[in-house]
Amino acid sequence: MKNMMIISVIIIFTIVVTLFLFLKKEGRDDDMSMETYTGVMEPRIGYLELQVSNLDQSLTFYEELIGFQVLERDEKTAKLTTDGLVPQLLLIEEETYVERPLRSTGLYHFAILVPTREDLALSTKHLIESGYPVQGAADHQYSEALYLADPDNNGIEIYVDRDPKQWIRDDNGGYVGATDPLNFESLFAEINENTWTGLPSATRIGHMHLQVSDIEESEIFYVEILGLNIVAKENHMLFVSKDAYHHHIGMNIWAGKGLSAPPKHALGLKYFTLHFTEEEYKSAKANLDHLNYNYLENSQEITVEDPAGNTIKLLIKRD
């Protein structure tokens, strides 16, 4: 009965996500790679840094509601983790902050990938029982997801992947996604006697979704310069990845084309890290040099802005 009440409450929010996501994602006109994602490849998104208005408020949210652990903290900054070793989310309190303009580029959401359906069910149940507002939920075919925002309105997705063997591809090799209702009855059936104790240690940042100013410019940067592969594309959105994943970086112009970047001291995404092999890193650097693209390099770490003003740090994956 309790689970049914939770289901009834959250179904109300399911419709909301359709305002943010397309009903279907298909591949581009030319053929894409038919490489298969194995599910055991190394993470490509490392960590991200958010500028927040109140560190204590944000820590309460990310610890008590989302389930991160504090790895390090001082007066104005904190590093959060799920395994007690590797930072996944950095928070910095911006004293002279301004609200990020609604019609600006930047973070659409960052996505927390949990290992199992039960983990997603436990997080969903915990959030609903806490009374914190959930913005939506959806079955995307290759994943199941819950959506909400932190106290500074930074978008968050908590999701679990389906078995990659079940991911559907179109004739061009692109992934076919959906925004179907999430089956909460099936999801909550995954919960046995377990209770929510925070995010599991194997949790990672699965992907980033960005608001950009121009899809074509973004494609040149992420595909031709950085070397990621297109896995889904429409006029107003682009998904790219490595290792044949359904997407490591999503981009959209749903808020409009030609948006400006927010002020540097605005709340929201400061940067995120992208892990490359040494060969991929060298290739991206050569492409940046060839096009006279402005970037900074320090100890084999490249900091660069995409055409929309989103900052990425390219790191070499180490064994």
Side-chain angles (χ1 to χ4, degrees), residues 13 16-17 19-20 45-82 86-112 123 126-136 145-159 198-199 203 205-213 249-252 254-256 259-273 303 305-306 308-313:
F13 297 100
V16 178
V17 77
L19 299 175
F20 300 96
I45 305 297
Y47 59 90
L48 67 147
E49 181 171 315
L50 295 177
Q51 295 185 147
V52 299
S53 60
N54 184 296
L55 184 60
D56 289 334
Q57 173 183 254
S58 292
L59 284 176
T60 297
F61 171 81
Y62 281 107
E63 285 185 274
E64 297 181 7
L65 293 175
I66 301 300
F68 283 102
Q69 308 163 31
V70 175
L71 185 62
E72 297 178 15
R73 184 196 168 164
D74 58 29
E75 185 179 356
K76 296 297 181 183
T77 66
K79 294 181 180 180
L80 305 184
T81 182
T82 60
V86 179
Q88 293 162 312
L89 179 61
L90 280 58
L91 304 175
I92 180 167
E93 183 175 308
E94 176 55 63
E95 294 182 352
T96 60
Y97 74 88
V98 296
E99 299 284 346
R100 176 186 159 204
L102 290 176
R103 289 179 53 80
S104 65
T105 61
L107 183 69
Y108 188 68
H109 64 243
F110 70 93
I112 301 167
S123 285
H126 172 70
L127 285 164
I128 295 302
E129 290 179 342
S130 74
Y132 194 85
V134 176
Q135 295 177 334
L146 185 76
Y147 295 89
L148 67 158
D150 75 3
D152 290 310
N153 205 33
N154 294 303
I156 301 168
E157 174 183 349
I158 304 174
Y159 77 109
L199 291 170
T203 300
I205 304 300
H207 65 264
M208 301 291 297
H209 196 144
L210 309 172
Q211 288 187 182
V212 297
S213 53
I249 302 173
M251 291 155 272
N252 74 72
W254 299 333
L259 300 181
S260 299
K264 292 298 183 182
H265 59 304
L267 299 178
L269 180 67
K270 188 171 179 65
Y271 66 85
F272 68 94
T273 65
T303 301
E305 288 188 358
D306 73 5
N310 298 301
T311 301
I312 305 101
K313 292 189 177 185

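Residue numbers run from 1 in the order of the sequence given. Computed from a predicted model, the values in this text were never measured in an experiment.
- Between Asn310 and Met208 the shortest side-chain heavy-atom distance does not fall below 4.5 Å.
- By the side-chain contact (heavy atoms from CB on, under 4.5 Å) test, Glu93 pairs with Leu55, Lys76, sequence neighbours left out.
- In plain terms, the two heavy atoms of Val212 and Ala308 that are nearest each other are CA-CB, 3.7 Å.
- Glu157 contributes atom CD, which lies 3.5 Å from atom OH of Tyr147 (distance to the nearest 0.5 angstrom).
- Checked against side-chain contact (heavy atoms from CB on, under 4.5 Å), Lys79 has the following partners two or more places apart in sequence or in another chain: Leu71, Glu72, Pro87, Leu90.
- Distance check, rounded to the nearest 0.5 Å: CG of Leu65 to CG of Asp150 gives 11.0 Å.
- Under the 3.5 Å distance criterion, the side-chain polar atoms of Gln51 are matched with a main-chain donor or acceptor of Ala266.
- Side-chain atoms of Asp152 come within 3.5 Å of backbone atoms of Ser53 as a donor-acceptor pair (strictly under, hydrogens ignored).
- When atom types are taken as modelled, the side chain of Arg103 and the backbone of Ala255 share a donor-acceptor pair closer than 3.5 angstrom.
- Of all non-hydrogen atoms in Pro262 and Thr105, the two that sit nearest each other are CD-O, 3.2 Å.
- Of the residues Leu210, Thr311, Ile249, the one that meets the side-chain contact (heavy atoms from CB on, under 4.5 Å) test with Asp306 is Leu210.
- Between Tyr132 and Phe61, the ring-plane angle classifies as tilted under the 30° and 60° cut-offs.
- Of the charged side-chain nitrogens involved, at least one lies within less than 4.0 Å of a carboxylate oxygen, so that Lys264 and Glu305 count as a salt-bridged pair.
- Side-chain contact between Pro263 and Pro101: present, with at least one pair of heavy atoms (C-beta onward) separated by less than 4.5 Å.
- Of the possible polar contacts, one joining the Thr81 side chain to the Val86 backbone as a donor-acceptor pair under 3.5 Å is found.
- Of the inter-residue distances, the one linking Ile112 atom CD1 with Ile45 atom CD1 reads 13.5 Å to the nearest 0.5 angstrom.
- Looking at Thr203, its side chain never comes within 3.5 Å of a backbone N or O of Thr82 through a donor-acceptor pair.
- The CG atom of Leu146 lies 5.5 Å from the CD1 atom of Ile158; values are rounded to the nearest 0.5 Å.
- Between Leu269 and Phe272, the closest heavy-atom pair is CD2-CD2, 4.1 Å.
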Candidate pair Ile92 and Val52, rule side-chain contact (heavy atoms from CB on, under 4.5 Å), full reasoning: CA-CA 6 Å; Ile92 180 167; Val52 299; over 6 Å; no
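- For the residue pair Thr96 and His265, the shortest heavy atom distance occurs at O-CD2, 2.7 Å.
- Distance check, rounded to the nearest 0.5 Å: CG of Leu89 to CG of Leu48 gives 5.0 Å.
- Ser213 and Leu259 make their closest contact through CB-O, 3.4 Å (heavy atoms, listed as atom of the first residue, atom of the second, distance).
- Scanning both residues, Leu91 and Ser58, for their nearest heavy atoms gives CD1-CB, 4.0 Å.
- Between the side chain of Arg100 and the main chain of Leu107, a donor-acceptor pair closer than 3.5 Å is present.
- A donor atom on one side chain and an acceptor atom on the other are found under 3.5 Å apart for Tyr271 and Glu49.
- Here Leu267 contributes atom CG and Glu94 contributes atom CD; the two are 8.0 Å apart, rounded to the nearest 0.5 Å.
- A perpendicular orientation is assigned to the rings of His109 and His207, their planes being inclined by more than 60° (bins at 30° and 60°).
- Contact annotation: the side chain of Tyr47 never approaches that of Ile205 to less than 4.5 Å [non-hydrogen atoms, C-beta and beyond].
- At least one side-chain heavy atom of Val70 sits less than 4.5 Å from a side-chain heavy atom of Leu80.
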